[in-house]
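The shown structure was predicted, so the numbers you read here are calculated from the model rather than taken from an experiment.
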Amino acid sequence: MKIGVLGTGNMADALATHWGRAGHEVFVGGRDELKAQRLATRIGGGAGHGSLQQAADFGEVVLAALPYGAGADVVKELQAALSGKVLLDCANPVGPGFRLLTEGGPSAACRLAAAAPGAQVVKAFNLCHEDVWRMTPPVFDSQPLAVPVCGDDEAALTRVYELVRDVDCAPVAGGGLERAGLLEATAALFIGLWVAEQADVRAIAPPLAYATGPRAQSV
């Protein structure tokens with residue numbers, strides 16, 4: 001598929017590199033077109049580069065790899081080009097002290113949806129550091145990394161599930177876009193535990209078999 005990338009930072013680099021290797025057509029757009037050119041060169045595979053507008057025009061799926069706060073403004077400028085397309089949001093609205101910046105208001109993903117009402121916004125890829133997404137593959141204890149995905153449109157979700165698999169991860173249905181705020185809050189919690197407490201967040205939940213409590217032992 002054709003993938004437009006809005007942004008030239010680490011998340012754009014990590015994800016788009018996988019998608020280029022998987023055979024998708026990638027076009028990187030940035031306010032600084034020289035940075036976009038450099039990223040396209042790193043991605044390889046004939047990746048294109050240019051402006052944010054050109055990336056939005058190009059993609060069937062458009063990755064918004066943009067900082068929280070700037071994302072909605074950029075998307076609003078591009079709303080005509082994004083109409084009818086999948087807009088994939090990976091932003092984390094996390095501030096100093098691991099505080100959730102959207103607390104009391106719409107999620108970052110819902111703000112993008114409001115800024116580009118014709119787009120099908122999907123939230124994914126926000127729970128891990130960009131270097132995890134650079135792994136080939138991101139497998140831990142022989143288990144592929146699971147990626148929760150939130151969105152309202154089935155066709156859009158199907159496309160994003162494919163892109164998750166192209167990163168060698170397993171997509172997990174996270175519910176509608178209204179649940180994207182839960183993913184963002186989870187990221188704030190996890191980042192705080194990882195960084196401030198040096199805690200392994202996998203240790204805070206029981207295995208699936210025990211999710212509803214220990215099973216009665218047969219005798």
Side-chain angles (χ1 to χ4, degrees), residues 5-18 30-32 35 39 52 62-78 87-116 119 121-135 138 140-141 143 145-152 160 163-164 167 169-208 211:
V5 179
L6 305 179
T8 58
N10 288 326
M11 284 296 288
D13 186 348
L15 293 173
T17 297
H18 279 287
R31 292 199 186 280
D32 185 331
K35 288 183 179 179
L39 177 52
L52 292 167
V62 178
L63 172 68
L66 301 164
Y68 173 69
D73 291 338
V74 170
V75 164
K76 188 173 183 178
E77 293 175 4
L78 302 172
L87 181 59
L88 177 54
D89 174 39
C90 64
N92 274 329
V94 180
F98 314 108
R99 181 171 60 91
L100 187 64
L101 298 176
T102 58
E103 190 171 1
S107 67
C110 286
R111 290 171 195 252
L112 292 191
V121 177
V122 177
K123 186 82 183 189
F125 296 109
N126 74 304
L127 292 184
C128 295
H129 189 274
E130 60 265 13
D131 284 341
V132 172
W133 302 124
R134 288 192 174 99
M135 294 174 65
F140 304 93
D141 297 329
Q143 183 173 353
L145 189 67
V147 179
V149 180
C150 291
D152 296 328
V160 174
L163 295 178
V164 170
V167 184
C169 294
V172 177
L177 194 65
E178 78 281 355
R179 293 176 63 83
L182 299 179
L183 273 185
E184 295 169 6
T186 299
L189 173 64
F190 280 12
I191 293 168
L193 290 173
W194 283 323
V195 176
E197 303 299 329
Q198 296 292 292
D200 184 349
V201 300
R202 294 183 303 170
I204 68 177
L208 179 59

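- When side chains are defined from C-beta on, Val75 does not count as touching Arg111, because their heavy atoms never get closer than 4.5 Å.
- Residues Leu145 and Trp133 are in side-chain contact: their nearest non-hydrogen atoms beyond the backbone lie under 4.5 Å apart.
- Distance check: Leu183 CG to Ser107 OG gives 9.5 Å after rounding to the nearest 0.5 Å.
- Contact record, Cys90 with Ala65: SG-CA, 4.0 Å, taken as the closest heavy-atom pair.
- In plain terms, the two heavy atoms of Ala180 and Cys150 that are nearest each other are N-SG, 4.1 Å.
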Return all side-chain donor-acceptor pairs below 3.5 angstrom for residues 92-99, not counting sequence neighbours, or 'none' if the list is empty.
| unit_1 | atom_1 | unit_2 | atom_2 | d |
| --- | --- | --- | --- | --- |
| Asn92 | OD1 | Asn126 | ND2 | 3.0 |
| Asn92 | ND2 | Asn126 | O | 2.5 |

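- Contact detail for Cys169 and Val147: the closest heavy-atom pair is CB-CG2, 3.6 Å.
- Here the shortest heavy-atom pairing between Leu39 and Ala12 reads CD2-CB, 3.9 Å.
- The structure places CD1 of Ile191 at 10.0 Å from CG of Leu100, a figure rounded to the nearest 0.5 Å.
- Taking 4.5 Å as the limit, every side-chain heavy atom of Thr8 sits out of range of all side-chain heavy atoms of Asp32.
- Put simply, the side chain of Leu78 does not reach to within 4.5 Å of the side chain of Val62, judged on heavy atoms.
- Residue pairs satisfying the salt bridge (Lys or Arg N to Asp or Glu O under 4.0 Å) criterion with at least one member in residues 180-196, sequence neighbours excluded, are listed as follows: Lys123-Glu184.
- Scanning both residues, Ala146 and Val172, for their nearest heavy atoms gives CB-CG2, 3.7 Å.
- The two residues Asp152 and Gly176 have their closest heavy-atom pair at OD1-CA, 3.2 Å.
- Taking a cutoff of 4.0 Å between a charged side-chain nitrogen and a carboxylate oxygen, Asp131 and Arg134 qualify as a salt bridge.
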Using residues 199-208 as the side-chain source, report each donor-acceptor pair under 3.5 Å to any protein atom, sequence neighbours left out, with the distance given to one decimal.
| unit_1 | atom_1 | unit_2 | atom_2 | d |
| --- | --- | --- | --- | --- |
| Asp200 | OD1 | Arg202 | N | 3.0 |
| Arg202 | NH1 | Asp141 | OD2 | 3.2 |

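- Distance check, rounded to the nearest 0.5 Å: NE2 of His18 to CG of Leu163 gives 12.0 Å.
- A 4.5 Å side-chain heavy-atom check between Leu63 and Phe125 finds every atom pair outside the cut-off.
- Atom CG of Leu66 and atom CG of Leu52 lie 7.0 Å apart (nearest 0.5 Å).
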